[in-house]
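Just below is one structure, and these are the notes that go with it.
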Amino acid sequence: MSPFSGLTLGVVVTYLSLIVALPLAALVWQSTKSGDTGFWQSLTSPEAVSALKLTLLASLAVALVNAIAGTVIAWVLVRDEFPGKGVVNALIDLPFALPTIVAGLTMLALYGPRSPLGIDVAYTRTAIVLALLFVTLPFVVRTVQPVLQELDRELEEAAESLGASDWQTFWHIVFPNLLPGILSGVALAFAKAVGEFGSVVIITGNIPFKTEVSSVYIFGQIESGNTSGAAAASVVLLAISFGVLLLIGAFRRWATRHHA
Amino acid sequence: MGIHVEGVTKRFGSFTALNEVSLDVQQGSLTALLGPSGSGKSTLLRVIAGLERPDAGRVTISGEDATGVAPRKRGVGFVFQHYAAFKHMTVRGNIAFGLKIRKRPRAEVRARVDELLALVQLQPFADRYPSQLSGGQRQRMALARALAVEPKVLLLDEPFGALDTRVRGELREWLHRLHDEVRVTTVFVTHDQEEAMALADQIAVLHDGRIEQVGSPRDLYDQPQTPFVMSFVGAAAQLGERWVRQHDLDLRLEPTAGALEARVERIARLGFEARVELQLAGSGTVWAQMTCAELNRLELERGDTVWVLADRARVFAESS
Ligand SMILES: Nc1ncnc2c1ncn2[C@@H]1O[C@H](COP(=O)(O)OP(=O)(O)O)[C@@H](O)[C@H]1O
Ligand SMILES: [Mg+2]
């Protein structure tokens, strides 16, 4: 290790402490303020549990859809030529530029009671998934795209000359190379979906036990003055998300164990 | 039989990479495509493999028209300059790939892979990943992978191009022995005339998307048809209209009938061989090649005047 990297490590640790670790610690501390019983009560209330379940299931579904749709979109953007490709490519990042509350309003206008498309999914779980899909679109696309661009075409040609069909070449050669990128994107999309508030708060109607997600539940707790309950629910949400992210990370490391 | 290429033209946009190329490769032979960088060697090899679609012309492999046939159905083994190793598979997995795709029984795959591992001397490395191999080992793995499916023809694109000189030499010898053993029709691309001469039965010299000449190493050296072939296959010097091998330049210390007067500009001793740069009295410079013993006998010094005889010079027809 050079002295420079020692210095860099120090800076990184300090930075991460200030930006990430400290707020998280404060959150945990806040959650314990109401004592052990308060903590458990806010966690095990049926409404909290239902919201948590919905959040995790919807986020997993969204992560899965993104894994496939994001990969396909990245593939088309890298491998296909079509008019307007530059515009489509720029469009991908727009869900990030839009305030999520505006995204929610737009979704409501489009898929709500006055839908010009005749699709009314407002205040249903489908609406949650749609809103989450919108705000998480860029992750997998943007993690897979550069990998695909850099992927040596000769690998595919080698597979082809060895007798592999297009699908076999994709499955045995291309996909294992994309997998780490897909997993990174999926992890990001999952994390974003778990914490998403703005785009879901309007379109879901926030019906407890039906369409209320954790972030909205937590907001409700804060509104009604139960900050430590809100903090407790957040801590659990974070802990589970962290567990999922660790799992994805471990899988990613396993998938890249032999890459030079 | 073998490979038959007829009138193949390949354009990339407005650029013509191959211009009406025709070539016959005998069954079981070892043929080199030789030419400078950008002359179209890889493109021709890729057209034979089906990885590029020609704009005109036909390719026949083992008597069957392959022009419109997909690469995976051509029965060709292709080896890339940069190995194209499947880095997420072990050496064994790489070699087995083509057999697994063909859904051969496990026991058969295993036996065949073991056989190939022995052939390319990679048994100790069977369970390693490509990232744990040297360049030469990776290239042998790529070769075994291509041979595993028992291709009708083996195509190698600058197979030793990315390796250092010593490993290059070893692999070259090894490929020669392998070819003697396996006898599969082989075409390899190289820009190194020495490599082509050392390995091939037949050499096709490419230049600007055309084949300049096809022949045995000896033919090309002794009977070059164009100035390009003459200067690319062995060093040549130009004296006005005449072309001569550098080692056929005969230096005299006395004025001689039919000899050109020249001044010694530079002397380079390369061990066994020496090069002498000559400024011709007319115009232009040429290099003369001789043994160091010869150079010592002449006792040449920089600035000396000599007379250059080129009795074995050739004159080529205007067309090229
Ligand atoms: N896919 C391609 N697109 C455009 N030009 C190409 C392509 N492949 C090859 N070329 C051009 O064709 C010429 C011959 O290329 P290549 O066959 O690779 O030459 P060599 O292998 O003899 O160095 C080069 O000028 C190269 O730039
Ligand atoms: Mg080439």
Side-chain angles (χ1 to χ4, degrees), chain A residues 67 71 74-75 78-83 85 140 143-187 248-260, chain B residues 42 45-46 48-52 69-91 93-104 127-133 135 138 141-158:
Chain A
T71 305
W75 181 275
V78 174
R79 291 292 173 89
D80 291 340
E81 288 305 325
F82 54 91
K85 179 164 149 175
V140 175
T143 50
V144 171
Q145 211 174 6
V147 184
L148 204 48
Q149 256 152 6
E150 292 303 309
L151 192 67
D152 189 357
R153 290 300 287 269
E154 290 186 351
L155 292 178
E156 290 161 72
E157 292 177 342
E160 213 185 335
S161 75
L162 289 167
S165 66
D166 289 352
W167 170 248
Q168 285 170 322
T169 301
F170 179 80
W171 182 245
H172 294 293
I173 305 301
V174 179
F175 178 70
N177 280 286
L178 299 186
L179 188 58
I182 296 175
L183 289 174
S184 296
V186 162
I248 296 177
F251 186 44
R252 187 185 190 281
R253 270 194 304 282
W254 175 82
T256 55
R257 67 203 180 286
H258 305 300
H259 291 200
Chain B
S42 297
L45 201 70
R46 291 169 58 83
I48 296 172
L51 298 172
E52 300 287 355
V69 176
R72 67 196 180 93
K73 295 189 175 144
R74 285 195 185 198
V76 301
F78 202 101
V79 175
F80 296 86
Q81 179 174 0
H82 298 288
Y83 328 122
F86 303 146
K87 59 179 189 274
H88 59 289
M89 298 179 190
T90 59
V91 170
N94 268 273
I95 298 175
F97 183 80
L99 299 168
K100 287 196 171 150
I101 288 295
R102 284 169 176 70
K103 304 232 164 23
R104 296 279 169 76
D127 296 316
R128 289 215 194 167
Y129 286 84
S131 62
Q132 302 164 315
L133 298 180
R138 278 184 221 185
M141 179 193 82
L143 204 57
R145 182 175 74 181
L147 287 172
V149 297
E150 294 180 3
K152 286 180 272 186
V153 302
L154 184 61
L155 307 173
L156 308 114
D157 193 354
E158 309 229 12

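Quick note on labels: first sequence line is chain A, next is B, and so on, each numbered from 1. Since the structure is predicted, the reported quantities are computational estimates derived from the model, not experimental observations.
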Inset, instruction - Step by step, work out the side-chain contact (heavy atoms from CB on, under 4.5 Å) result for B:L51 and A:E156. - result: CA-CA 10 Å; B:L51 298 172; A:E156 290 161 72; over 6 Å; no

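- Contact between A:E160 and B:P71 at its shortest, heavy atoms only, is OE2-CG, 3.4 Å.
- Of the listed residues (B:A84, B:G77, B:G75, B:P130), the one with the most heavy-atom contacts under 4.5 Å to chain A is B:A84.
- If you measure heavy-atom distances from B:F97 to chain A, the contacts under 4.5 Å come from the side chain alone.
- Considering all non-hydrogen atoms of both residues, B:R72 and A:G163 come closest at CB-CA, 3.5 Å.
- Remark: A:E150 pairs with no residue by the salt bridge (charged side-chain N to carboxylate O under 4.0 Å, His left out) rule, at least two apart or across chains.
- Proximity to chain A is absent for every atom of B:A148, based on heavy atoms less than 4.5 angstrom apart.
- Looking at residues two or more places apart in sequence or on another chain, you find a salt bridge (charged side-chain N to carboxylate O under 4.0 Å, His left out) between A:E157 and B:R46.
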Inset, instruction - Report the C-alpha distance between A:H172 and B:I101 in whole Å, list the side-chain angles of each, state the deciding distance to 0.1 Å, and finish with yes or no for side-chain contact (heavy atoms from CB on, under 4.5 Å). - result: CA-CA 10 Å; A:H172 294 293; B:I101 288 295; 4.0 Å; yes

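- A donor-acceptor contact shorter than 3.5 Å links the side chain of B:R102 to the backbone of A:L162.
- For B:A146, the part lying under 4.5 angstrom from a heavy atom of chain A is the backbone only.
- Rounding to the nearest 0.5 Å gives a distance of 10.5 Å between NZ of B:K87 and OG1 of A:T256.
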